[in-house]
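Right, one structure below, let's go through it.
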Amino acid sequence: MSDIEERVIRVIAETQQIDGNNITRCSTFAELDIDSFDGINVLFAIESEFYISVSDDDAKQLRGIADVIDGVEKLLAAKQATTQS
Amino acid sequence: MQRVAVTGLGCISALGLHVPDFWKSLAAGVCGIRPLTLLPREKLSIQIGAEVHGFDPSVHFEPKRLAMLDRFSQFALVAAREAVADAGLALNREAATRTAVILGTGVGGKTTDDEAFWKLYGEGNPRVHPTVIPRLMASSATSHVTMEFGITGPAFTVSSACSSAGHAIAQAFFMVRHGLVDTALTGGSEACFTLGTMKAWESMRVMAPDTCRPFSRDRKGMVLGEGSAILILESLEQAQARGARIYAELAGAGMSADAGHLIQPNEQGAARAIEAAIADAGLSLEQIDYINAHGTGTQVNDVTETRAIRRVFGTLAEKVAISSTKSMHGHALGASGALELAAAALALHHGILPPTINYSEPDPDCDLDYVPNVARPKALEAALCNSFAFGGLNAVLVLRKELSSRA
């Protein structure tokens, strides 16, 4: 499990007060009983964890943990590219 | 039981400082949504709003009085003055005891609250001004309206988020209907453009960055507004006896709670409020020709509201004209139900349906007649006004063409 994956799962477990062992990369929000407003709370915590900002349009596309991990990786890579340039 | 007439309107919003501007803009499909001027836009990702423009409080209030007035109370007073003058109300001592003031607000004196506590927490100034509490209390607008006109009957403030004005008007309506008072000043007021409030709305991801497009497939959310609308309600008997001009009869009110989710709207809860309102008015579904929708422009509200209307009206849903005037005056939260009831009363009075503007493409999940973009002439018999608040608190009001002007 990558560091990002581990942190995403930890943040979601903390925010939703659920056992992190029940969350995998393949879990969907629906399976984890994360409704749309829970999802917004989760994203807020993810943004704080990684110092990133997720646009409203991107936020609407998220359906599960893999989407969040991929999105975080993309945003972190973009941030690194900006810092380096 | 008394029938209840709407005999006066006052209104300040992004569509102007007075009712004639409001109606002219509604009928012309003018959008009051613009880049924000009250807040530092560089600190916001959502940079638009439906602010009241061209409002100079010093034109309306003496400096000493102004020091006691939060922006939301200023709006309420300006609208109340217009409504009382519009109705030609003369409140002598006896009449004043038989008059109620019942206003709605979502958050009350937010601007005062924000400024005062920024000085304390942000600037480290330990002194908080003695006018802060009387300005910020949610009931202050109501108190100021009683003092302005010497009204000594029942007066209080109702708060139910975006349904605040709807619930307030319902209470005033029941009081006049049941003879507790002869006259009521009712409606709502909101002024919550503060940086903190706007940031908090942003983080809920329900705000549109472009504009408000209710029921349109490409809608991106709501746009915050501000303002106040005040309506004068009187027993029909009193209104007719004094020869008052009657915009419409307020014929019914229906309320419900979803008992569901703090944020997600609920089709059944909304439908129950609509059904209760129509039953209370003693009307049949066929008699309702227009619905001023809650129509916030969020994905979920507009679909849920469409389904609720279908649930109540069945196949008749396709014959009802529906519009969201929030596309023009924004979502003024606790004032919105009053702005929208004023819009519906004017629609009945003038026989013109205000449109849903910024409507660009049909959404298969919102498949009713939303009067897209252009106002429509139509003689109306009865109209609904929907308010569905966060927390699942719903208030629906029914207006009807007043008796004497009915065929």
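Chain identifiers are assigned alphabetically (A, B, ...) following the order of the sequence lines, protein sequences preceding nucleic acid strands; residue numbering begins at 1 within each chain.
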*Do you know the tightest heavy-atom contact between B/Arg205 and A/Ala59?*
NH1-CB, 3.7 Å
*A/Phe37 versus B/His261, closest heavy-atom pair with distance*: CB-CE1, 3.9 Å
*Side chain / backbone / both / neither for A/Asp57 at chain B, heavy atoms under 4.5 Å*: side chain
*Any chance NZ of A/Lys79 has more than 12 other-residue heavy atoms, nucleotides or ligands included, within less than 6.0 Å?*
yes
_Could you check whether atom CZ of B/Arg217 has more than 12 heavy atoms from other residues, nucleotides or ligands sitting under 6.0 Å from it?_
no
*Check each atom of A/Ser55 against the heavy atoms of chain B and say whether the ones under 4.5 Å are side chain, backbone, both or neither.*
backbone
*Is atom CG of A/Asp33 surrounded by more than 12 heavy atoms (other residues, nucleotides or ligands) closer than 6.0 Å?*
no
*B/Met207 versus chain A, heavy atoms under 4.5 Å apart: side chain, backbone, both or neither?*
backbone
*With side chains defined as the heavy atoms from C-beta onward, is the minimum distance between A/Asp56 and B/Glu202 less than 4.5 Å?*
no
